[in-house]
Amino acid sequence: MSEKVSGDLFDLKNDPRLSMYLYRAGFGCWLLYIVAGAPFMAALRFYRTDLGILCFFMMVAGLSASMVYDYYHNASLYEQKKKWLAIGYAVLAALIYFVVLDHAPAEVLRWLAH
């Protein structure tokens with residue numbers, strides 16, 4: 001891979017390829033998440049939750065990267081994506097908090113009630 005190609009890949013302001021690659025990797029993890037639930041893939045069932053969270057993380061990262069490009073080249077699309085990025089970060093934070101860190105939702109409701 002030449003320096004020019006790799007240098008352009010991480011130029012989020014002028015090149016939307018990285019965001020597309022992150023979306024595609026996230027979609028691939030989502031497909032693996034679905035397949036990991038099948039009986040013939042019992043060996044991967046242990047990693048199913050990890051694949052789901054990795055899928056969501058990659059898609060949110062892809063949205064973040066595409067927003068940099070849209071900020072400079074398509075302002076109306078950038079404004080629309082801002083809402084979805086905030087929602088995506090909130091859902092990702094909730095997934096990590098409840099699934100990865102094993103906190104029960106009842107604990108959070110009790111904490112909010114005080």
Side-chain angles (χ1 to χ4, degrees):
M1 182 177 259
S2 73
E3 184 178 321
K4 176 73 173 144
V5 172
S6 63
D8 289 344
L9 181 64
F10 294 104
D11 180 18
L12 296 177
K13 179 180 171 184
N14 296 314
D15 193 358
R17 288 183 297 161
L18 182 63
S19 64
M20 289 186 297
Y21 295 152
L22 286 169
Y23 277 129
R24 290 174 184 168
F27 183 70
C29 286
W30 179 72
L31 291 176
L32 283 174
Y33 170 80
I34 291 173
V35 170
F40 67 90
M41 297 293 281
L44 287 179
R45 191 164 294 150
F46 180 74
Y47 300 106
R48 192 163 190 235
T49 302
D50 298 333
L51 285 169
I53 293 192
L54 183 63
C55 159
F56 200 85
F57 174 75
M58 286 186 162
M59 289 192 167
V60 168
L63 178 62
S64 301
S66 72
M67 285 185 66
V68 174
Y69 180 80
D70 290 335
Y71 179 78
Y72 291 100
H73 300 282
N74 194 348
S76 62
L77 190 57
Y78 170 77
E79 291 298 324
Q80 179 184 10
K81 285 183 178 180
K82 275 195 322 189
K83 296 179 277 189
W84 290 109
L85 185 65
I87 292 168
Y89 278 139
V91 171
L92 184 60
L95 277 173
I96 290 172
Y97 187 77
F98 293 122
V99 177
V100 175
L101 299 177
D102 285 333
H103 290 283
E107 293 176 18
V108 175
L109 293 176
R110 268 186 273 137
W111 180 76
L112 289 174
H114 286 108

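Note that the coordinates shown come from a computational prediction; the quantities given were computed from them, not determined experimentally.
To the nearest 0.5 angstrom, Leu92 atom CG is 10.5 Å from Leu85 atom CG. Atom CZ of residue Arg24 and atom OG of residue Ser19 lie 9.5 Å apart, to the nearest 0.5 angstrom. With rounding to the nearest 0.5 Å, the separation of CE in Met20 from CG in Asp15 is 7.5 Å. Interatomic distance, OH of Tyr33 versus CG of Leu54, reported as 13.0 Å (0.5 Å rounding). Between the CD atom of Glu79 and the CG atom of Asp70 there is a distance of 11.0 Å, given to the nearest 0.5 Å.
Put simply, Trp84 and Val60 are part of the same group of oily side chains (I, L, V, M, F, W, Y) that touch within less than 4.5 Å, one to the next. In this structure, Leu77 is not a member of the same hydrophobic cluster as Leu63, with clusters built from ILVMFWY side-chain heavy atoms closer than 4.5 Å. Tracing side-chain contacts under 4.5 Å through hydrophobic residues (I, L, V, M, F, W, Y), one reaches Val35 starting from Tyr47; they form part of the same cluster. Cluster annotation: Tyr23 and Met67 are assigned to the same hydrophobic cluster (Ile/Leu/Val/Met/Phe/Trp/Tyr, side-chain heavy-atom contacts under 4.5 Å, transitive).
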| request: List the steps and the verdict of side chain to side chain contact (heavy atoms under 4.5 Å, CB included) for Cys29 and Phe57. | output: CA-CA 10 Å; Cys29 286; Phe57 174 75; over 6 Å; no

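When all heavy atoms of Ala65 and Leu22 are compared, the closest pair comes out as CB-CD1, 4.5 Å. The minimum heavy-atom distance between Trp30 and Cys55, with the atom names listed, is CB-SG, 3.4 Å. Here the shortest heavy-atom pairing between Gly26 and Met59 reads C-CE, 3.7 Å.
Under the ring pair (Phe, Tyr, Trp, His ring centres under 6.0 Å) criterion, Tyr78 pairs with Tyr71, sequence neighbours left out.
Environment of CZ in Phe56: crowded, with over 12 heavy atoms of neighbouring residues, nucleotides or ligands closer than 6.0 Å.
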